[in-house]
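Report on the following structure.
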Amino acid sequence: VERQAGDDETNKAPSFVGYPITKVFLQDNRLGFLSRDNVIFSQASDFFNFWKKSALTLTAGDPVDVSTNNIRPSILYSCLPTTQGLVLFSRLQQFLLTSIDGPITPFNVKIDTLSNYEVDTSIEPVDVGTNLAFVSKNSGYTKVYGYVTRGENNNPLALDLSKVASDYIPSSITRMDASPQNDFIVLSDVNSRTMYIYRTFSDGTKNIIQAWTKWEMPGEIQMCIVINDTWFVVVKTVNKMCFCIAPIDQIESGITIGEESIFGNPA
């Protein structure tokens with residue numbers, strides 16, 4: 001939407017103009033962008049309008065444009081919503097964007113620093129239901145952290161989920177997926193047949209089971225997703241792409257794993 005009021009001084013362009021946008025998302029009925037260390041929201045209920053309605057006054061429905069204002073480099077690359085607010089991820093820090101009361105407005109939005117964990121920016125963090133998970137890599141292996149926010153003025157809880165098998169997951173991992181209803185996280189590499197699975201079982205108060213396993217697929221894993229307790233995986237073999245299906249519930253369904261070519265011979 002074009003600017004309807006004011007000029008470059010009284011109604012400034014959003015801070016993503018001229019810079020890369022690293023994430024697009026929706027929050028509180030606004031379209032949001034991450035760009036450098038800024039979080040930019042559109043007008044409420046008007047996703048493509050990033051201008052104020054008036055050059056003279058500021059209203060609660062106007063766009064929001066806030067920065068982490070941190071002394072350390074904090075190029076934001078991803079975000080995930082939680083009960084406490086929107087968790088923002090940069091390579092070296094994590095932040096929490098909150099509104100003091102009610103939905104986000106230009107009057108009540110703020111960003112606080114949560115923690116200083118190093119995160120691999122090439123792999124998106126995932127929501128595992130009651131907590132978040134992100135990946136940190138070194139030269140030899142991959143670490144997976146479980147991350148729980150605890151509200152304003154409380155430090156988050158971060159647990160190294162891969163600690164029990166510290167060198168189990170290679171550093172070549174390129175993707176992480178999760179199934180909150182089945183309590184597991186999946187890590188895979190587009191150049192490998194192996195997927196690494198972390199699964200838990202809770203009795204409501206604590207995790208009774210925490211286990212790492214791995215599956216060997218019939219080809220190099222390109223992507224995977226879980227829908228309605230069914231695992232859908234796209235793999236690449238020597239001369240074709242295949243679509244694999246595997247149920248993950250306890251009820252016998254008659255299908256163990258299916259394979260069907262979906263692209264024929266790849267270029």
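If you're wondering where the values come from, they're calculated on a predicted model, not measured in any experiment. Starting from 1, each residue takes its place in the sequence as its number. The basis for the numbers below is simple: all heavy atoms, side chains too, and nothing from hydrogens, waters or symmetry mates.
- For the residue pair M217 and V235, the shortest heavy atom distance occurs at CB-CG1, 4.1 Å.
- Closest approach of A5 to A55, counting heavy atoms only: CB-N, 4.0 Å.
- For the pair Q94/V119, a side-chain contact is recorded, criterion being any heavy-atom separation below 4.5 Å from C-beta on.
- Between the side chain of N108 and the backbone N or O of P103, at least one donor-acceptor pair lies under 3.5 Å.
- Considering all non-hydrogen atoms of both residues, L58 and P106 come closest at CD2-CB, 3.7 Å.
- Under the 3.5 Å distance criterion, with hydrogens and angles disregarded, no donor-acceptor pair is assigned to the side chains of S136 and E118.
- The NZ atom of K53 sits 12.5 Å away from the CG atom of N11 when rounded to the nearest 0.5 Å.
- Between the side chains of S45 and N29, a donor-acceptor pair is found at a separation under 3.5 Å.
- Summarising the geometry of T149 relative to P156, their closest heavy-atom pair is CA-CB, 4.3 Å, with the distance given to 0.1 Å.
- Inter-residue side-chain proximity for R150 and L157 is flagged as met; some heavy-atom pair is nearer than 4.5 Å.
- In this structure, C224 SG and I221 CD1 are separated by 7.0 Å, a value rounded to the nearest 0.5 Å.
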Listed pairs under 3.5 Å, donor-acceptor, residues 36-44 side chains, sequence neighbours left out:
{"from": "R36", "atom 1": "NH2", "to": "S15", "atom 2": "O", "distance (Å)": "3.3"}
{"from": "D37", "atom 1": "OD2", "to": "S67", "atom 2": "OG", "distance (Å)": "3.2"}
{"from": "N38", "atom 1": "ND2", "to": "S15", "atom 2": "OG", "distance (Å)": "3.4"}
{"from": "S42", "atom 1": "OG", "to": "L31", "atom 2": "N", "distance (Å)": "3.0"}
{"from": "Q43", "atom 1": "NE2", "to": "W51", "atom 2": "O", "distance (Å)": "2.7"}

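- The hydrophobic cluster containing Y145 does not contain V128, counting ILVMFWY residues as joined when their side-chain heavy atoms lie under 4.5 angstrom apart, directly or transitively.
- Here the side chain of Q181 pairs no donor or acceptor atom with the backbone of D229 at under 3.5 angstrom.
- Not one N or O on the side chain of S188 forms a donor-acceptor pair closer than 3.5 Å with the backbone of M195.
- Side-chain N or O atoms of T142 include one that pairs as donor or acceptor with a backbone N or O of P170 at under 3.5 Å.
- No side-chain heavy atom of Y168 sits under 4.5 Å from any side-chain heavy atom of Y141.
- For the pair D8 and R3, the salt-bridge criterion is met [side-chain N within less than 4.0 Å of a carboxylate O].
- At a cut-off of 3.5 Å, with distance as the only test, a side-chain donor of S179 or N182 sits close to an acceptor on the other residue.
- In this pair, F50 and F33 present their aromatic rings parallel. The plane angle is below 30°, not in the 30 to 60° band.
- Criterion: ILVMFWY side-chain heavy atoms under 4.5 Å apart, direct or through other members. Under it, L161 and L132 are not part of a common hydrophobic cluster.
- L88 is listed as a side-chain neighbour of C79, based on a closest heavy-atom distance under 4.5 Å.
- Residues V126 and I227 do not share a hydrophobic cluster, clusters being chains of Ile/Leu/Val/Met/Phe/Trp/Tyr side chains in contact below 4.5 Å.
- Between the CD1 atom in I169 and the OH atom in Y198 there is a gap of 10.5 Å [rounded to 0.5 Å].
- Annotation: side chain of L187 is in contact with side chain of W212 (closest heavy-atom distance under 4.5 Å).
- Of the inter-residue distances, the one linking S99 atom OG with K110 atom NZ reads 10.0 Å to the nearest 0.5 angstrom.
- Under a 3.5 Å cut-off, the side chain of S35 and the backbone N or O of P20 do form a donor-acceptor pair.
- A donor-acceptor pair under 3.5 Å links the side-chain atoms of T174 to the main chain of V190, judged by distance alone.
- With rounding to the nearest 0.5 angstrom, the CE atom of M176 is 9.5 Å from the CG atom of D120.
- Between F243 and F232, the angle of the ring planes stays under 30°, which puts this pair in the parallel group of the 30/60° scheme.
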Do T213 and R199 pass the side-chain contact (heavy atoms from CB on, under 4.5 Å) test, and can you show the C-alpha distance, the side-chain angles, and the key distance before you say yes or no?
CA-CA 8 Å; T213 58; R199 190 162 192 179; over 6 Å; no
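- A 4.5 Å side-chain heavy-atom check between S54 and T59 finds every atom pair outside the cut-off.
- Across all non-hydrogen atoms, the minimal contact from N70 to F95 is ND2-CE2, 3.8 Å.
- Nearest heavy atom pair, residue S162 against residue D160, reads OG-OD1, 2.8 Å.
- Two residues are said to be in side-chain contact when any heavy atoms from C-beta on lie closer than 4.5 Å; L97 and I104 meet this criterion.
- Around atom CD of E216, more than 12 heavy atoms belonging to other residues, nucleotides or ligands sit under 6.0 Å away.
- Counted by atom type alone, S115 and Y147 present one or more donor-acceptor pairs between their side chains at under 3.5 Å.
- When side chains are defined from C-beta on, Q84 counts as touching L96, because their heavy atoms get closer than 4.5 Å.
- Sequence neighbours left out, the pairs with a member in residues 14-33 that pass salt bridge (Lys or Arg N to Asp or Glu O under 4.0 Å) are K23-E124.
- Salt-bridge formation is not detected for the pair E220/R193: no Lys NZ or Arg NE/NH1/NH2 atom is positioned less than 4.0 Å from an Asp or Glu carboxylate oxygen.
- In this structure, CG in L114 is found 8.5 Å from OG1 in T82, a value given to the nearest 0.5 Å.
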